[in-house]
There are 2 protein chains.
Amino acid sequence: MKITRNTIAKTEIRNLINSSKVALSHAEIQQALNNICDRVTIYRVLDRLVEEGLVHKIVNVDGVIKYAECHECAGEHHHHNHIHFSCQKCKSVTCLEDVEPFFNLPKQYKVMEMNFTLSGLCPQCS
Amino acid sequence: MKITRNTIAKTEIRNLINSSKVALSHAEIQQALNNICDRVTIYRVLDRLVEEGLVHKIVNVDGVIKYAECHECAGEHHHHNHIHFSCQKCKSVTCLEDVEPFFNLPKQYKVMEMNFTLSGLCPQCS
DNA sequence: TTTTAAAATGCAACACTATTGCGTTAATTT
DNA sequence: AAATTAACGCAATAGTGTTGCATTTTAAAA
Ligand SMILES: [Mn+2]
Ligand SMILES: [Mn+2]
Ligand SMILES: [Zn+2]
Ligand SMILES: [Zn+2]
């Protein structure tokens with residue numbers, strides 16, 4: 001694995017994601033960071049965090065990618081089989097780490113990643 | 001419900017989607033249509049087809065939206081609880097209409113839509 | 001501590017997907 | 001055939017994400 005360095009941007013972005021109850025988009029992170037770094041740097045830091053297994057990506061129903069903390073992925077491959085909930089009213093995306101769906105897939109398919117997203121109204125908004 | 005008209009573009013796009021074994025993106029549809037209409041028209045037709053319950057959207061793992069035929073949605077609300085498979089090699093996105101995941105969601109959540117996408121290698125590519 | 005290698009950054013340009021406004025065209029209804 | 005308005009084309013704009021390259025910064029080696 002490639003050597004990575006700890007920088008201010010990386011530390012700040014990681015803290016932001018880890019202290020957030022909901023998944024964050026690039027735009028939301030940029031907003032919160034108050035120009036401590038360039039927007040391209042944010043994209044690159046996020047890529048690194050995903051690479052290192054510290055953060056995982058969620059493709060939201062509108063196609064925008066959100067990022068959330070990983071809990072047991074560091075080092076190894078990501079293995080996220082939990083569901084995400086995207087609220088149509090408050091626009092929040094939440095990891096439901098306890099909710100893992102079951103399904104019967106034909107054996108010929110080789111699964112590398114999963115993306116389960118429900119959308120509707122979250123408990124606060126319904 | 002609003003009145004809709006049958007136009008050449010709509011007919012062609014619908015035929016294209018219905019005769020395809022895989023879900024199609026806007027770009028792929030435009031490619032196949034050979035400039036019979038403007039690219040904006042394709043977006044608008046796709047919106048209408050979704051609205052009418054003839055076609056459903058799939059958000060692919062890269063954030064690009066793909067479109068596939070609906071089988072039992074016309075008129076009513078969309079109710080797609082089947083899984084989609086996105087092949088990392090041939091880039092195809094396939095509806096697995098028989099594969100419906102089961103999960104236990106806390107009751108406070110009100111689900112309107114579901115988006116289940118797996119990525120990896122399809123039978124042809126693995 | 002100073003030197004050094006290369007990881008990380010800033011900035012500008014670019015690519016791709018999708019949306020909006022508005023004047024014009026064409027599908028239905030009468 | 002005339003009237004209504006859904007649908008269209010075109011140009012402009014917005015949003016998200018990527019790439020190239022010169023410069024800065026980190027962390028390890030000397
Ligand atoms: Mn998650
Ligand atoms: Mn489908
Ligand atoms: Zn909400
Ligand atoms: Zn394939």
Side-chain angles (χ1 to χ4, degrees), chain A residues 1-17 23-68 86 88 91 93 115 117 119, chain B residues 1-17 23-68 86 88 91 93 115 117 119:
Chain A
M1 188 136 70
K2 212 172 158 190
I3 294 167
T4 64
R5 297 175 177 174
N6 289 317
T7 62
I8 298 170
K10 185 179 171 186
T11 307
E12 291 298 317
I13 291 171
R14 197 180 166 196
N15 286 344
L16 205 60
I17 292 173
L24 300 174
S25 66
H26 170 275
E28 290 164 337
I29 291 169
Q30 187 180 13
Q31 174 83 21
L33 282 185
N34 256 1
N35 290 325
I36 67 158
C37 67
D38 191 77
R39 53 189 296 282
V40 177
T41 298
I42 301 175
Y43 279 116
R44 298 201 261 228
V45 168
L46 289 170
D47 282 348
R48 254 180 289 153
L49 291 173
V50 170
E51 191 86 12
E52 295 170 32
L54 299 172
V55 156
H56 66 284
K57 286 189 187 192
I58 304 145
V59 184
N60 199 2
V61 285
D62 57 4
V64 175
I65 294 172
K66 299 238 177 182
Y67 298 86
S86 177
Q88 292 170 346
K91 308 294 176 192
V93 172
N115 222 298
T117 305
S119 66
Chain B
M1 187 133 69
K2 210 173 160 190
I3 295 168
T4 64
R5 297 176 179 174
N6 290 318
T7 62
I8 297 170
K10 186 179 172 186
T11 306
E12 290 297 317
I13 292 171
R14 196 178 168 198
N15 286 344
L16 205 59
I17 292 173
L24 300 174
S25 66
H26 171 276
E28 290 165 337
I29 291 169
Q30 188 181 13
Q31 174 83 21
L33 282 184
N34 256 1
N35 292 323
I36 68 159
C37 68
D38 191 76
R39 53 189 303 284
V40 177
T41 297
I42 300 175
Y43 280 115
R44 298 200 260 230
V45 168
L46 289 170
D47 283 348
R48 253 181 289 151
L49 291 174
V50 170
E51 190 86 13
E52 295 170 31
L54 299 173
V55 156
H56 67 283
K57 286 189 188 193
I58 304 145
V59 184
N60 199 1
V61 284
D62 58 3
V64 175
I65 296 172
K66 298 237 177 183
Y67 298 85
S86 177
Q88 292 170 348
K91 309 295 177 193
V93 172
N115 230 298
T117 305
S119 65

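Order of the sequence lines fixes the chain letters, A, B, ..., with proteins taken first and strands second; residue numbering starts at 1 for each chain.
Rounding to the nearest 0.5 angstrom, the gap separating the CG atom in Asn115(A) from the CG atom in Asn60(A) is 9.5 Å. Once rounded to the nearest 0.5 Å, the distance linking CD of Gln30(B) with CG of Asp38(B) reads 8.0 Å.
We find that NZ of Lys66(B) is positioned 16 Å from C1' of dA18(C), with the value rounded to whole Å. Atom-to-atom, CG of Leu46(A) to P of dG17(D) comes out at 9 Å; the value is rounded to the nearest Å. Between Tyr67(B) atom OH and dA18(C) atom C1' there is a gap of 9 Å when expressed in whole angstrom units. Distance Ile8(B) CD1 to dA6(D) P: 19 Å, rounded to the nearest Å. Remark: C1' of dT25(D) and NZ of Lys10(A) are 14 Å apart, rounded to the nearest angstrom. Computed from coordinates, the Ile3(A) CD1 to dA28(D) C1' distance equals 9 Å when rounded to whole Å. Between the CG atom of Asn35(B) and the P atom of dG9(D) there is a distance of 10 Å, rounded to whole Å. Nucleotide dA7(D) holds its P atom 12 Å from the CD1 atom of Ile13(B), rounded to whole Å.
Residues Gly63(A) and Val59(B) approach most closely at CA-CG1, 3.8 Å, considering heavy atoms. Closest heavy-atom contact between Val45(A) and Ala9(A): CG2-CB, 4.3 Å.
Relative to the side chain of Arg5(A), the nucleotides dT4(D), dT9(C), dA8(C) differ in distance, and dA8(C) lies closest. Which of dT16(D), dA18(C), dC10(D) sits closest to the side chain of Ile65(B) comes down to dA18(C). For Tyr43(A), the side-chain atoms get nearest to dT16(D) when compared with the rest of dT26(D), dT16(D), dA7(D).
Position along DNA chain D of the nearest nucleotide to Arg39(B) versus Arg39(A) favours Arg39(B) as the more 5'-ward residue. Nucleotides of DNA chain C nearest to Asn6(B) and Asp38(A) differ in position, and the one nearer the 5' end is that of Asp38(A). Toward the 5' end of DNA chain C, the nearer of the two residues Thr4(B) and Asp47(B), judged by each one's closest nucleotide, is Asp47(B).
Between the side chain of Arg44(A) and the base of dG10(C), at least one donor-acceptor pair of N or O atoms lies under 3.5 Å.
Within residues 54-63 of chain A, no residue is approached by DNA chain C to less than 4.0 Å at the level of any non-hydrogen atom.
With Ser25(B) as the fixed residue, the side-chain contact (heavy atoms from CB on, under 4.5 Å) test singles out one of Lys66(B), Lys91(B), Gln31(B): Lys66(B).
The local environment of CG in Asn35(A) is sparse, with at most 12 non-hydrogen atoms from other residues, nucleotides or ligands closer than 6.0 Å.
Among the heavy atoms of the strands lying under 4.0 Å from Val45(A) are primed sugar atoms or P, OP1, OP2 only; no base atom is included.
Checked for salt-bridge contact, Glu52(A) and Arg14(A) miss the test: no charged N lies under 4.0 Å from a carboxylate O.
An OP1 or OP2 oxygen of dT9(C) is reached within less than 4.0 angstrom by a side-chain nitrogen or oxygen of Thr7(A).
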